[in-house]
Each structure stands twice: as C-alpha cells, then as structure tokens.
Amino acid sequence: MGQLDGKTAIITGASSGIGRETALLFAEHGAKLVLVARRHDELERLANRIRDNGGQAVAVAGSVADAVVASEAVQVATHQFGGLDIAFNNAGTTGAQVPLPEMTAENWHEVIETNLTSAFHAAKQQIPALLARGGGSLIFTSTFVGHTVGFPGMAAYAASKAGLIGLMQVIAAEYGQRGIRANALLPGGTDTPMGRAVSNTPEALAFVQGLHALKRLAKPREIAQSALYLASGMSSFTTGTALLVDGGVSITRT
Ligand code: NAP
C-alpha cells in the first residue's frame, strides 16, 4: 500500500531535479499528480512515464511567478482528480551569483518572484482547496542558505528562501486547527542541474562536498523521501517546521 493512496498532489519544479524525482516517488506511493514547470515537453515526458507505470499525472506548463498558473494547477487538481490534498511548492532559481552591489534590481525581483511570490500565489489558491477536503499538507522548498549559512553572492536567493520559512510559519499557525499542516524542506547541496551549476568545476564540487558532514551531495531521491515524509500521514504531528535535510552542512566546521 502506498503512503499517498487516494491523494492528489501539486508538484512545482517537476521538470527537473528534486521535483521530478519527488513526482516519481509520490506516483509510486499512489498519488495523482499535477505537474508544474515552464518546460512543457519535459513535463509531458514525465507525465507519460507515470501514466505508463499505471499512475495518473497531468502537466500544467507555465511560470510559478504567474498567479494564473497557480490557479490553473488547483483547478486541474479539483476538476480532474476531485480535489487537492498536498502541494510541494518546490520550483526555484538561484539567479545571478554576484556581490550585492553588482546585483541588478531585475535579478533581485526575478528571484523573489520565482522563489517567494510564487509561494504566496500558490498558497492563496491551495488553502481553500485543502480546506474543502478537511485539510492537507503544504511543503515549501527552502534551503540552508539564508537559514543556517550565509553564502557569498546569494543575497536574493537567501532572502527569498528565508522569506518562505516566515510564510510557512504563518500558514501553519493560521490553519493548523482546520487540518492544514505547513512545513519547509531545507535540502543541502543536491546533485541536480541547479546543484551542478553551483559546483561547476571539480574544485568547486570538492569544496561544496567538503562543506557537508557527509562529504557528498544528496541524491535527488534522498530529498524526495523527505518530501514524502512531510506529505504523508507519517508526519501527522509535524507542522511549522524548517526541516533540514542537509547532510550536516549547517553544523560542519571542518
Ligand atoms: P533544478 O533541477 O534546476 O530544478 C529547478 C526546477 O524549478 C525546474 O523544474 C524548473 O523548471 C523549475 N522552475 C524554475 N523557475 C521556474 C518558474 N519561473 N516557473 C516554474 N518552474 C520553474 O533544481 P533543483 O535542485 O531540483 O531545485 C529544486 C528546489 O530545491 C529549488 O527551489 C532550489 O532552490 C532548492 N534547493 C536546491 C538545492 C541544490 O543543491 N540543488 C539545495 C537547496 C535547495 P523549468 O525550467 O521547466 O521551469
């Protein structure tokens, strides 16, 4: 029996990396999925793979910074699958990595829109749908950057991801008594296109691996398993938390 049998989940950033792996894992556990990202072809390929394996998945292509896309995802969950139980609001971008005085306002706004305002648009649409089901689980992908570690060159990214934790805490407090749990998932360095872009030389990769107590990056599946925990009844008393799944990067000084 799957942990998510009979549940419907929205997953953003499903075209790649952590989101894609989480979609495959949630489908293995019986969830019906609404897959969101900008790259339509990647989403369709993933949806087809899930359907070929006997699952159910629908793609909604567009930017998470667009409130219309957030609304469309909830509409699809409601009309095609009968309601919404889980949302993994995971899409994200690092933006340009430059010292703050060199950061353009355009870059700042793009990162905040993609990583933080997107979560506002998403939650605004998702909360009423979850309430209609008597509750559910909201998960926001944050990061250790801006929470336990200040990483040079990542001002917009850190600010947007720290903002997600504040947003999540308010949702958890506002809607706990009505059955909605809200949590943030804070991965460490993870072997995805984003992770590889940050560690783009052998020296940079060795440096980033060395920052972690486990001396390696996470596999996307390891982060997906934590998303499954937060999505499922296994975490029924967990809400308002910033869950570090960071290989010890936050406590390592060697
Ligand atoms: P990834 O493989 O590059 O995936 C990023 C995903 O976000 C893609 O599916 C991308 O899809 C989507 N996305 C980006 N901008 C979007 C937009 N405007 N609208 C819709 N979708 C958008 O990176 P990842 O490592 O899996 O990242 C997933 C999340 O984990 C991010 O929030 C990231 O900040 C966080 N994280 C990653 C690491 C790491 O080391 N990799 C560590 C901590 C936290 P499209 O390009 O198709 O739109």
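In what follows, every heavy atom counts, from backbone to side chain, and hydrogens, waters and symmetry copies are set aside. The model shown is predicted, which means the values in this text are computed figures rather than measured ones. When a ligand or atom number is given, it counts from 1 through the structure's own listing order.
- Under a 4.5 Å side-chain heavy-atom criterion applied to ILVMFWY residues, the cluster that includes Ile86 comprises Leu4, Ile11, Ile18, Leu24, Leu25, Phe26, Leu33, Leu35, Leu43, Leu46, Ile50, Phe88, Ile139, Leu185, Ile223, Leu228, Tyr229, Leu230, Met234, Leu243, Val245 as well.
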Using distance only, find each side-chain donor-acceptor pair of residues 195-210 under 3.5 Å and give its atom names and separation, not counting sequence neighbours.
from: Arg196; atom 1: NH1; to: Asp191; atom 2: OD1; distance (Å): 2.4
from: Thr201; atom 1: OG1; to: Ala204; atom 2: N; distance (Å): 2.9

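- The backbone N or O of Val68 lies less than 3.5 Å from a partner atom in the side chain of Asp66, making a donor-acceptor pair.
- Between the Ser63 side chain and the Ala65 main chain, a donor and an acceptor come within less than 3.5 Å of each other.
- Near ligand 1, Gly13, Ala14, Ser15, Ser16, Gly17, Ile18, Ala37, Arg38, Arg39, Gly62, Ser63, Val64, Asn90, Ala91, Gly92, Thr114, Thr141, Ser142, Thr143, Tyr157, Lys161, Pro187, Gly188, Gly189, Thr190, Thr192, Pro193, Met194, Gly195 each place a heavy atom less than 4.0 angstrom from the ligand.
- The main-chain N or O of Val111 is never found under 3.5 Å from a side-chain atom of Thr114 such that the two would form a donor-acceptor pair.
- Partners of Gln75 by side chain to side chain contact (heavy atoms under 4.5 Å, CB included), not counting sequence neighbours, listed by chain and number: Ser71, His79.
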